[in-house]
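Only one structure is covered here, and it is reproduced in the block below.
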Amino acid sequence: METDPVQQVPETRPPRTAADGWTTRGWLGAGSGAVLVLLLVLTGSGAWVLGHATDVNKRLTDRWSPALIASVRMESALINQETGIRGYGMTGKREFLEPYRNGVAQERAAVRELARLVEGDERATSDLARVRQDSERWQTATARPVSEAAEPTGSARQRTETGKAAFDTLRASLTEQQNHIEAERDRARGDLQAARTLRNTVFTAIACVVLALIALAFAGLRRGVQVPLDRLRTDVREIADGHFEHTIASSGPADLQALARDVEGMRRRLAGELEFSDRARAQLDEQATELRRSNEELEQFAYVASHDLQEPLRKVASFCQLLERRYADQLDDRAKQYISFAVDGANRMQTLIGDLLAFSRVGRLHAEDADVSLEAVLRRTTSSLGMVIEESGAVITHDPLPAVHGDPTQLGVLLQNLISNAIKFRTPGEVPRIHLGAHEPADLADGAEGAGPRQEFSVSDNGIGIGPEYAERIFVIFQRLHTRDTYPGNGIGLALCKKIVEYHGGTISLDTSHTPGTRFVFSLPLARPDVPTAGPGN
């Protein structure tokens, strides 16, 4: 009968004698026991420190910070109420009551939230009660009488002084409340910092003990398992180099033999997984090719669909106009108005289809991806807007503009939309003044890895401006802040600008601090210094 060589390994070792002293297991057991006691002490301390830090953190993040936010929301709601009442009292138009009603609902929600957060704190509860009392006094003395009056302007004039005094008192109460909440939040921050310092000290000690334990374990295991582990490591490296057919032989103690068998099983599974992965990659390549083909077909379909949709719309508009000219003497004013509505609707639908097609093509068509002179793009844009600029008398200035890396056609669309918006939403009676600025802040000096440096640009004007509350909404497709009768358009221009900028790896936002007028800030990748710069038409 053949003898298993693995079973013969223990027989080749010399017998142990009493002179050998403690075994590695004994030294490791004694050392681990001592370290374990110390770890238990440190773990208990760490658990207490973590609990304390968690309590302080909850006091900061779950109570005082949300309480300050709720107080600011309540103040904003009260200001909205006062603005609505004042506007209603000055004009008598009931649409001014909408901010007041919304403010009342927001105030109630903020009061409920604040009452929940400051429950148990005597001073914060007292501050909230005083704010509510002052708010009710102002509501009783001014807001409700004016909002319910048959002649609001007269009622508002009678209560101007008393209402102002009551609201000033209310604001003072709100300020005092927010100061107290901020003081509590700062105190919680100090406590949290102290808890973090203690936590870092305790966990540093735990880390030192763990490192000592690792060193002892390494010293104890070095003699007993170094040779089998070296052999196993050599086999694993052979497999890691790509020789997946190499078999791992088990040797050494039983636990290392089991480990070797497990690694061998893992090798076999990995070999099977790699074979499966190769097949899957081939399938993915086929699917990617099919997806590209499908995208091209979808793009062609979008073009054909837009053309087929525009043709009947043009026919509707043409025949309606022909009907109006041929039977003008038989149509009354209302019939002519209906025809005008139909023609206008058909024209708007054509424009909308064109805008949607342009929006969907960003990043898929005209993607030349070259270094472009932005000044040349600006000259081409102002030339195409020449009639609009001349009619409005707009004055367009710009800083020295660097060359950027991107698609010249899309960059032209970006500047054209921003400049035409600045002209469209100009202040009545004033000459539009539009400036394209270029500056390079520290946070955009280096782009993402492999993307190169970026430049920040801005387009500012002296127009009617945009409220900060609409800073995100204006970039959503079809979102409009004005009626179509006031300002024409489909609400797609800024959404198209956002998509173009993001396609170039940048961001665009509304600068809410710019007044008067509007200022958009966006970033674009700079041109590569070793590549010739192309013109906008290339």
Side-chain angles (χ1 to χ4, degrees), residues 50-87 96-139 142-143 166-196 199 443 465-476 479 481 507 509-515 521:
L50 282 178
H52 176 64
T54 301
D55 292 340
V56 175
N57 186 61
K58 286 183 179 180
R59 181 153 52 93
L60 176 62
T61 60
D62 296 346
R63 186 172 192 181
W64 293 118
S65 291
L68 182 59
I69 294 173
S71 178
V72 172
R73 287 178 179 170
M74 183 167 61
E75 181 180 13
S76 176
L78 290 168
I79 291 174
N80 289 340
Q81 295 178 42
E82 194 273 341
T83 302
I85 289 298
R86 177 153 44 83
F96 282 93
L97 289 179
E98 188 63 24
Y100 168 72
R101 297 190 183 98
N102 293 338
V104 170
Q106 293 169 2
E107 178 191 2
R108 291 172 180 169
V111 167
R112 288 194 299 269
E113 178 69 9
L114 197 55
R116 181 183 64 81
L117 292 171
V118 302
E119 183 179 1
D121 188 278
E122 183 177 350
R123 185 170 68 173
T125 303
S126 175
D127 289 342
L128 178 59
R130 182 165 58 255
V131 170
R132 295 180 65 181
Q133 181 179 0
D134 292 342
S135 173
E136 182 62 27
R137 184 179 298 113
W138 175 74
Q139 292 279 358
T142 303
F167 200 79
D168 288 343
T169 302
L170 175 56
R171 276 193 167 181
S173 299
L174 281 167
T175 300
E176 183 178 0
Q177 178 193 52
Q178 292 175 9
N179 290 337
H180 290 166
I181 293 176
E182 287 180 351
E184 291 293 337
R185 185 183 63 174
D186 293 340
R187 187 179 297 109
R189 282 177 176 172
D191 294 342
L192 181 59
Q193 185 60 38
R196 286 174 176 172
R199 179 199 61 189
D443 59 341
I466 301 175
E469 63 272 20
Y470 303 114
E472 296 296 333
R473 176 182 170 187
I474 56 176
F475 294 107
V476 179
Q479 292 294 317
L481 305 183
T507 58
S509 61
L510 173 69
D511 184 359
T512 56
S513 64
H514 178 76
T515 56
V521 180

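We're numbering straight along the sequence, starting at 1. Values below: every heavy atom of this structure, side chains too, minus hydrogens, waters and symmetry copies.
In this structure, Q106 and A77 approach most closely via the heavy-atom pair CB-CB, 3.7 Å. Contact detail for A67 and L117: the closest heavy-atom pair is N-CD1, 3.4 Å. For the pair A110 and A70, the tightest heavy-atom approach, listed with the atom from each and the gap, is CB-O, 3.7 Å. Between L174 and L78, the closest heavy-atom pair is CD1-CD1, 3.5 Å.
Inter-residue side-chain proximity for S71 and I181 is flagged as met; some heavy-atom pair is nearer than 4.5 Å. Residues R108 and R112 meet the side-chain proximity criterion, which asks for heavy atoms closer than 4.5 Å. Two residues are said to be in side-chain contact when any heavy atoms from C-beta on lie closer than 4.5 Å; L510 and V521 fail this criterion.
Taken to the nearest 0.5 Å, the NE2 atom of H180 stands 14.5 Å off from the CZ atom of R185. Of the inter-residue distances, the one linking Q177 atom CD with S126 atom OG reads 10.0 Å to the nearest 0.5 angstrom. Remark: D191 CG to D186 CG distance equals 11.0 Å, nearest 0.5 Å. With values rounded to the nearest 0.5 angstrom, L170 atom CG is found 9.5 Å from T175 atom OG1. Taking OG1 of T142 as the reference point, atom CD of E82 lies at 9.5 Å (rounded to 0.5 Å).
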### Task
Output, in order, the C-alpha distance, side-chain angles, deciding distance and verdict of side-chain contact (heavy atoms from CB on, under 4.5 Å) for D134 and R171.
CA-CA 9 Å; D134 292 342; R171 276 193 167 181; over 6 Å; no

### Task
Walk me through it: do E75 and Q178 pass the test side-chain contact (heavy atoms from CB on, under 4.5 Å)?
CA-CA 10 Å; E75 181 180 13; Q178 292 175 9; 2.8 Å; yes

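Under the ring-ring contact (aromatic ring centres under 6.0 Å, His included) criterion, W138 pairs with F167, sequence neighbours left out. Remark: N80 pairs with no residue by the side-chain hydrogen bond (donor to acceptor under 3.5 Å, both in side chains) rule, at least two apart or across chains. The salt bridge (charged side-chain N to carboxylate O under 4.0 Å, His left out) check on R132 picks up nothing, with sequence neighbours excluded.
Here R130 pairs with D127 in a salt bridge; the nearest charged N to carboxylate O distance falls below 4.0 Å. With respect to E184 and R123, a salt bridge is recorded, a charged nitrogen being found less than 4.0 Å from a carboxylate O.
The backbone N or O of L50 sits less than 3.5 Å from a side-chain atom of T54, completing a donor-acceptor pair.
Other residues, nucleotides and ligands contribute only 12 or fewer heavy atoms inside 6.0 Å of the CD atom of E472. Atom CD of E119 sits in a sparse spot, with 12 or fewer heavy atoms from other residues, nucleotides or ligands closer than 6.0 Å. In the displayed structure, R137 atom CZ is contacted under 6.0 Å by more than 12 heavy atoms of other residues, nucleotides or ligands. Around atom CD of E469, more than 12 heavy atoms belonging to other residues, nucleotides or ligands sit under 6.0 Å away.
Q81 and Q139 form a side-chain donor-acceptor contact under 3.5 Å, judged by distance and modelled atom types alone.
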